[in-house]
Participant: 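Please read through the structure below; I'll follow up with questions.
Each chain gets a letter, A, B and so on, in the order its sequence line appears, and its residues count up from 1.
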Amino acid sequence: MSDQFEPVIIGFTCNWCSYRAADMAGTARMKYAPNVRLIRLMCSGRLDPTFVLKALAGGADGVMITGCHPGDCHYVSQNYKAMRRFLLMRRTLKQMGVEPERLKLVWASAAEGAIFTDEVNKFVEQVRALGSLHWPTSGEGYEQMFAIPEHMIAKEVTP
Amino acid sequence: MAIATTQARAPTFFDRVVAATPGDPHLEMCIQCGTCGGSCPSGPDMDHTPRALFAMINAGMIEKVLSSNTPWYCVACYYCMVRCPQQIHITDIMYTLKRMSIQEGLYQKGSAPEAPGFSQTFIDYVENYGRSFELGLATRYHLSYHPLDMMKMAPMGIGMLRKGRMDLTPKKIKGMDQLKSILAKAKELEAKL
Amino acid sequence: MKYGYYPGCSLEKNAASYDMSAKAVARPLGIEFQELQDWNCCGASEYISINRVAAYSLVARNLSLAETQLEKGTDLVAPCSLCFLNLTKADQYMQEDAPLSAKVNTALNAGGMHYDPGSIHTRHLMHIITEDIGLDEVAARVIRPLTGLRVAAYYGCLIVRPGFQSKFDNFEYPTSLDRLMKVCGAQVVDFPLRAHCCGGHMTQISQPVALELIRRLLENAAEYKADVIVTLCPMCQLNLDVYQADVNKYFKTNYNIPVLYFTQLMGLAFGLSAQELGIGKEFIDPRPALAKIGVEVPPPEEPKPKKPSKEELPMPRMPEES
Amino acid sequence: MAQEKIGVYVCHCGSNIAGTVDVEDVAKWAAEQLHHRGVVVARDYKFMCSSLGQELIEKDIKQLGLTRVVVAACSPHLHERTFRTACKNAGLNPYLCELVSIREQVSWVHTDKVAATEKAKAIISGGVERVIWHEALEPLKVPIHPATLVVGGGIAGIQAALEIADAGFPVYMVEREPSIGGHMAQFDKTFPTLDCSACILTPKMVDVGNHPNITLMTWSEVMRVDGYVGNFQVTVRQKPRYVKTELCTGCGICQEKCPKKVIDEVFEAGLGYRKVVYTPFPQAVPNYPVIDRENCTYFIKGTCKACQKFCPTEAIDFEQKEEFIQIDVGQIILATGYDLFDPRKIAQYGYGRLANVFSSLEFERFTNAAGPTGGKLYLRDGVTVPKTVAIIHCSGSRDKNYNNYCSNICCMQSLKFAHLAKEKTGAEVYNFYIDIRTPAKAYDEFYQRVLEEGTHMIRGRVAEVTDAARGTKDEGKLIVQVEDTLIGKQRRIPVDMVILSAALVPRKDHHETARMFGLSCSSDGWLIERHPKLDPVATMTEGIFIAGCAQGPKDIPASVAQGAAAAARVIGKIQQHEIAMEPVRATVDQEKCSGCRICNNLCPFNAILFHEDRMVSEVNPALCQGCGTCVAGCPAGAITGTGFSNEQVLAQIDGLLLHNIKHLEMEAVPVP
């Protein structure tokens, strides 16, 4: 193995489409980078922004959210909610000083193993290029992620 | 080519053809259906149809392939390329085979030994003037390769001159030095096929 | 509308009438051409047969010129189908094939140039007339409709296939030129071999093969009783017009079908004179056909002997001749 | 609560996993490194799904008192049920088992053995963390409505409907056209036996029409589907027929008297005409006509009413309006069929431009004794009998420019055409093929028979069909230009008639169909089955099955088999009266709920009720489908999703990032 940086990426998949796309990629023996570790949710709408922050704060260098194509949601329209949250999350990350390119949203139907594979590979390269994530509040305790920064805590004002 | 893991081996003739063709020619996808050979306007005059040639490339028949007149008889009409059900870049592969045939000197053994002469004569003018020059091209090519046809060609040439459709002298571009250095560098970069 | 203009070698001399007529119809349609300064040959179908990187570099020099000379977003227009093919193909493969693109740019760099693949969109003259200007605009300028003239619209290969950069019309049965000619008032015959090959450079490599390809087209056009074949490529015009006598001789036939550029017929429909459109340089005399629409073509001028000028360059001396 | 006792089981799957992942190392690692997290045993085994593998787990549960099980093997979509059953057999709640996919997600998609082994460890660690937070659950039982909806009245739908109805359960059949019968009703002969299509199909159609358990709704379309397995509410649009079916006797006088003829684009494939008031064909079921409003003179000009004047039973009703009918069903079978590829797209074959180029469906109508020519084969002029016929296989199939798949039926169909053309006209027949595919019972024998009849088989995909003659022998003919690949030469074969064996393509509205029923389509547009080999008629959506060409191109025997298979699945479910569902549901902690009502609008199933009196929201478990959007959206964290709780996912993230060995090593184990 070379010395190049190997990012760790957490991928959230929808049980009905992208998780099956990943299954299909496997069945068809398509190859992708081993940097992605997947979590199965019932729907991309289940994606709680906390999950993303938790993953990034906990040492992941990138997070990939995958869901059904717009209009194809197994639960009617929940993937649109995932998309809204994704856009908000990107903005939030930027404000936190994290490159928004570390978060990616991919639509992949159950038939699109090739697209899944392709997108994973592209994202791994993208995050590899960004380098290791130094979580702003990290240090020893990643649990601090929701702690209020020092300067924001109201100080007692002496009259 | 599709992502597949293959064991390391010396590049075959097939590999070389693919590597020397710009973009991804998809040659490995050929199903030998014959759409190309059926579509080709000069197909009846070719030694082998393009389809047969692809099978021969796969079989590693370098000499037979590179001495075939097939690539030289390609008129670059692109019918085969747009009709190919496997989207193989057939016309581009024909150009690759021409280049390889010149490099290996095999065109002389085949049934179209003088064909590269036309291309070579044409590009000589381009390399010296930056533009093509029809009078020079016609006279020099025919003098070198079809001297007996010169008499037959003469009336056409005179007609072209009379109609004002042919220059007596070539035109030269201003940036000739620049073009020459570009082409010199390019030739240096063109690896052996 | 403003476009970059890449005439190509043919339009300089052998197809000068195409160049003249293109510019003549461009004016009333509000098309403005900015000719590329110091463009070079596109290499036709020959350079690529000899050297790949050099062939792409040759074309890329023109694209690089366009990139520096044209205002950003201006399309480049090539009236010659082969130039059009080469310019679009070079751009496409440079986009697809990164190693090739790198080599071409290294070569360009030797001449102090650079080209970013994807930055120049090249289009055929026919494209801009039908797509950007539109048939309605053309129709509005027709003052002498080509009524009664039976036209075989001949597209040849390279404007329709393989559609590098963008697909223009149906690969197999294009109809845009038919529609354009109809708008000009011509009676367009349903020419089945409209997109078949004119023989290209085969006239130089194997005449029997080329003459057969030309014969098929002439036979088919004659069968449909076409008065004139209309083309949009200098090579097609050359092969069908100049080699028609050879076809007749070789196959003992007597075809006599004039071959004109679509811009020439458009120009006539716009009321322009035959001279302005360069009519009269054809081998097959178009006068009988044009008489049907009341156009008179003055007899061809005998070329005056040319005085050698000071700028004139000597005849080329090639290595094997010295 | 004491620390959980977790067993980790790593499957070799033969060499499928063990070939890429060092499974022994993974098991050893789990036993050592995850011991502090509760892993008391970690084993690897050749095939965990085998009965011996399952026994291994069952034994450990009993002997070691495991409280959680993690199986690292294939995708949970394949064997989750297997291992849950094993747990249940050993007395452990099946939902305390977690599957980790180290085959589809690791060994099959990665090549680097070291990296693959590391990833396998990480995702097992994720599974271990997650399983700690699993809860013992009971499957939800949902009652099944005994009625079934069959969409599409072609042969696959007919077969399915009859099987279910014969088993004694009610069926609604919805068909878009005025009659059932589908494409099969258009054919004359069926390969390879050449038995008459109408003879074998019409009895089945009549059975559907007469069956006491089948409610036939033709000239109707499904507009909306609500609900879920066991309880679907379906809205069907009944288009106005302008004929009172309760009065109509099907005498046909209206059709006789109607003064207007139009080209029949559907049943006659554009080759024949029909009246404006029509039944598509004489054996139509039901045999009531419909009035084609678009073309009816009365609807256009306000006068005519010839049909009404002559109708003996006063059944014509120009005032009829469309109706929307609600039906309740427990399960649905989609048998929506295919469309024929439009061969005009292959411009070089000249269909639509050259008169004597025909599509396969046109040819079927030609040969049909009830067709526009009474079963006689003519050129487009309607009088000349062709002397030479070319049949082009793979027209639009196996071609990346059109459809990148084999349409399955064209080889046999083309051979059938060759036989029929020869039989009807004695013409010379040329079949142009790339490969001949005859892999079913008695198919190759049929090929042999066609060869014996003297059909010319030319191996080569046709380059073009043209009327541009070269020389006198071509005059007035269509020339088929092809490379005869077996001799390596270009040939030009003059013929009178060309038949294009056009590809089968998904229905134009396949995408809307898929959306309405919550299914997905392959990239080609065919509906996707649950498993291509082992579950070919079920779909990802519980309670919805597919049959026939909706799932992919297939011939009549295969369509019938699928129709019957789907029916068997449906009947099996009905007979159980209820169905067990995954207990993945959301619940609101009423203590924490602030009554903000954000979740109310997030739910697409209206499953969240708001109690105005108490100002809290509550999830109706019967309506909740378990997507979890409300869980993610609740600002108070008051909603929990069973099976996919915040704790489970957050713990899994920790596990995947190997915090349990990096950071938690020394710490005490948090216990739920």
Participant: Which atom names give the shortest non-hydrogen contact between C/Ser57 and B/Ile182, and what distance separates them?
Facilitator: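 The pair with the smallest heavy-atom distance is CB-CG2, 3.8 Å.
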Participant: Quick check on the interface: out of C/Val242, C/Asn109, C/Leu100, who has the most heavy-atom pairs with chain B under 4.5 Å?
Facilitator: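 Answer, by heavy-atom pair count under 4.5 Å with chain B: C/Val242.
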Participant: Let me confirm one number: the CG-CE distance from C/Asp38 to B/Met176, rounded to the nearest 0.5 Å.
Facilitator: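 Taking CG in C/Asp38 and CE in B/Met176, the distance rounds to 9.5 Å.
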Participant: Which atoms form the tightest heavy-atom contact between B/Cys74 and C/His201, and what is the distance?
Facilitator: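 Where B/Cys74 meets C/His201 most closely, the heavy atoms are O-NE2, 3.8 Å.
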Participant: Against chain B, work out which of C/Gln92, C/Glu96, C/Lys89 has the most heavy-atom pairs shorter than 4.5 Å and name it.
Facilitator: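 Heavy-atom pair counts peak at C/Lys89.
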Participant: What part of B/Asp92 gets closer than 4.5 Å to chain C, counting heavy atoms only: side chain, backbone, both or neither?
Facilitator: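 B/Asp92 touches chain C through side-chain heavy atoms alone.
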Participant: Which heavy-atom pair separates C/Ser10 from B/Glu134 by the least distance, and what is that distance?
Facilitator: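 Looking at all heavy atoms of both residues, the shortest contact is OG-OE2, 4.3 Å.
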Participant: Which value, rounded to the nearest 0.5 Å, describes the distance between B/Gln103 atom CD and C/Ile50 atom CD1?
Facilitator: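 Here the rounded value is 10.5 Å.
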Participant: Report the C-alpha separation of C/Arg61 and B/Ile173 in whole Å, then their side-chain angles, then the decisive distance to 0.1 Å, and conclude whether the side chain to side chain contact (heavy atoms under 4.5 Å, CB included) test is met.
Facilitator: CA-CA 12 Å; C/Arg61 181 178 175 272; B/Ile173 64 166; 3.7 Å; yes
Participant: Give the member of C/Gln207, C/Arg216, C/Gln204, C/Gln95 that has the highest number of heavy-atom pairs under 4.5 Å with chain B.
Facilitator: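 Most pairs with chain B among the choices: C/Gln204.
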Participant: Taking B/Glu114, B/Met94, B/Gln178, B/Lys180 one by one, which has the highest count of heavy-atom pairs under 4.5 Å against chain C?
Facilitator: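 Heavy-atom pair counts peak at B/Gln178.
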Participant: Walk me through it: do C/Tyr93 and B/His89 pass the test side chain to side chain contact (heavy atoms under 4.5 Å, CB included)?
Facilitator: CA-CA 12 Å; C/Tyr93 282 144; B/His89 296 182; 3.1 Å; yes
Participant: Out of curiosity, C/Cys41 SG to B/Phe122 CZ, how far, rounded to the nearest 0.5 Å?
Facilitator: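 Here the rounded value is 4.0 Å.
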Participant: Does the pair B/Ser42 and C/Glu212 meet the rule for a side chain to side chain contact (heavy atoms under 4.5 Å, CB included), with working shown?
Facilitator: CA-CA 9 Å; B/Ser42 42; C/Glu212 165 62 14; over 6 Å; no
Participant: Need one label for C/Ala54: side chain, backbone, both or neither, based on atoms under 4.5 Å from any heavy atom in chain B.
Facilitator: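 Both parts, heavy atoms under 4.5 Å.
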Participant: Is it the backbone or the side chain of C/Ile48 that comes under 4.5 Å from a heavy atom of chain B, or both, or neither?
Facilitator: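 The answer is both parts of C/Ile48.
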Participant: Where is the tightest heavy-atom contact between C/Leu85 and B/Tyr78, given as atom of each residue plus distance?
Facilitator: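 Answer, listing the atom of C/Leu85 first, then B/Tyr78: CD2-OH, 3.6 Å.
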Participant: Please give me the minimum heavy-atom distance between C/Cys197 and B/Val75, naming the atom from each residue.
Facilitator: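 That would be SG-CG2, 3.3 Å.
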Participant: Could you walk me through whether B/Leu189 and C/Val104 pass side chain to side chain contact (heavy atoms under 4.5 Å, CB included), step by step?
Facilitator: CA-CA 9 Å; B/Leu189 291 167; C/Val104 169; over 6 Å; no
Participant: Given that the side chain runs from C-beta out, which part of B/Thr21 has a heavy atom under 4.5 Å from chain C: side chain, backbone, both or neither?
Facilitator: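 It is the backbone, since no side chain atom gets that close.
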Participant: If you count heavy-atom pairs under 4.5 Å between each of B/Pro22, B/Gly130, B/Ser181 and chain C, which one has the most?
Facilitator: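 So the answer, after comparing B/Pro22, B/Gly130, B/Ser181, is B/Pro22.
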Participant: Looking at C/Ala16, C/Gly200, C/Cys9, C/Pro99, which has the largest count of heavy-atom pairs under 4.5 Å with chain B?
Facilitator: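 Of the options given, most contacts go to C/Cys9.
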Participant: Would you call C/Glu12 and B/Arg131 a salt bridge, taking side-chain N to carboxylate O under 4.0 Å as the test?
Facilitator: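 Counted as a salt bridge, because a side-chain N and a carboxylate O are separated by less than 4.0 Å.
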Participant: Please state whether the side chain, the backbone, both or neither of C/Ala15 comes within less than 4.5 Å of a heavy atom of chain B.
Facilitator: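 Neither part.
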Participant: Salt bridge check, C/Asp241 against B/Arg165: does any charged N sit closer than 4.0 Å to a carboxylate O?
Facilitator: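 Judged by the 4.0 Å cut-off on N to carboxylate O distance, B/Arg165 and C/Asp241 do form a salt bridge.
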Participant: If I measure from the heavy atoms of chain B, does C/Leu82 come under 4.5 Å with its side chain, its backbone, both, or neither?
Facilitator: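 Contact with chain B involves no heavy atom of C/Leu82 at all.
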Participant: Sort C/Ile205 into side chain, backbone, both or neither according to what part of it lies under 4.5 angstrom from a heavy atom of chain B.
Facilitator: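 Answer is both: backbone and side chain atoms of C/Ile205 are under 4.5 Å from chain B.
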Participant: For chain C, which candidate among B/Met81, B/Met166, B/Met160 shows the most heavy-atom pairs at distances under 4.5 Å?
Facilitator: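 Of the options given, most contacts go to B/Met160.
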Participant: Is chain B contacted by the side chain of C/Glu46, its backbone, both, or neither, given a heavy-atom distance below 4.5 Å?
Facilitator: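 Its backbone and side chain both get close to chain B.
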Participant: What part of C/Met94 lies closer than 4.5 angstrom to a heavy atom of chain B: side chain, backbone, both or neither?
Facilitator: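 Answer is neither: C/Met94 stays 4.5 Å or more from chain B.
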Participant: To the nearest 0.5 Å, how far apart are CD in B/Gln120 and CG in C/Asn51?
Facilitator: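 So the gap between those two atoms works out to 10.0 Å.
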Participant: Tell me whether B/Glu63 at atom CD has more than 12 heavy atoms from other residues, nucleotides or ligands lying less than 6.0 Å away.
Facilitator: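 Counting neighbours around CD of B/Glu63, 12 or fewer heavy atoms of other residues, nucleotides or ligands fall under 6.0 Å, so no.
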Participant: Look at C/Ala98, C/Ala110, C/Ala107, C/Ala60 and state which one has the largest set of heavy-atom pairs under 4.5 Å with chain B.
Facilitator: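 That would be C/Ala107.
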Participant: Once you round to the nearest 0.5 Å, how far does CG of C/Asn14 lie from NZ of B/Lys163?
Facilitator: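 With rounding to 0.5 Å, CG (C/Asn14) is 13.5 Å from NZ (B/Lys163).
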Participant: Indicate yes or no for a side-chain donor-acceptor contact from C/Arg161 to the backbone of B/Cys77 under 3.5 Å, with no hydrogens or angles considered.
Facilitator: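 Indeed, once roles are kept as given, a pair shorter than 3.5 Å links the two residues.
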Participant: Check whether C/Ala195 gets within reach of chain B through its side chain, its backbone, both or neither, counting any heavy atom under 4.5 Å.
Facilitator: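 Both parts, heavy atoms under 4.5 Å.
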Participant: For B/Ile102, which atoms come within 4.5 Å of any heavy atom of chain C: side chain, backbone, both, or neither?
Facilitator: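 For B/Ile102, the side chain is the part near chain C, not the backbone.
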Participant: Calculate, to the nearest 0.5 Å, the distance between atoms NZ and CD belonging to B/Lys174 and C/Gln37 respectively.
Facilitator: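 Result: 6.0 Å between the selected atoms.
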Participant: Is it true that atom NZ of B/Lys109 has more than 12 heavy atoms of other residues, nucleotides or ligands lying nearer than 6.0 Å?
Facilitator: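 Not buried by this count: 12 neighbours or fewer within 6.0 Å.
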Participant: Would you mind telling me which of B/Tyr95, B/Tyr79, B/Phe118, B/Trp72 has the largest number of heavy-atom pairs within less than 4.5 Å of chain C?
Facilitator: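 Maximum pair count with chain C is reached by B/Tyr79.
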Participant: Most heavy-atom pairs under 4.5 angstrom with chain B, which of C/Val160, C/Leu58, C/Asp246?
Facilitator: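 Most heavy-atom pairs within the cutoff with chain B belong to C/Leu58.
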Participant: Do you know the tightest heavy-atom contact between C/Glu172 and B/Val82?
Facilitator: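 Closest heavy-atom pair between C/Glu172 and B/Val82: OE2-CG2, 4.4 Å.
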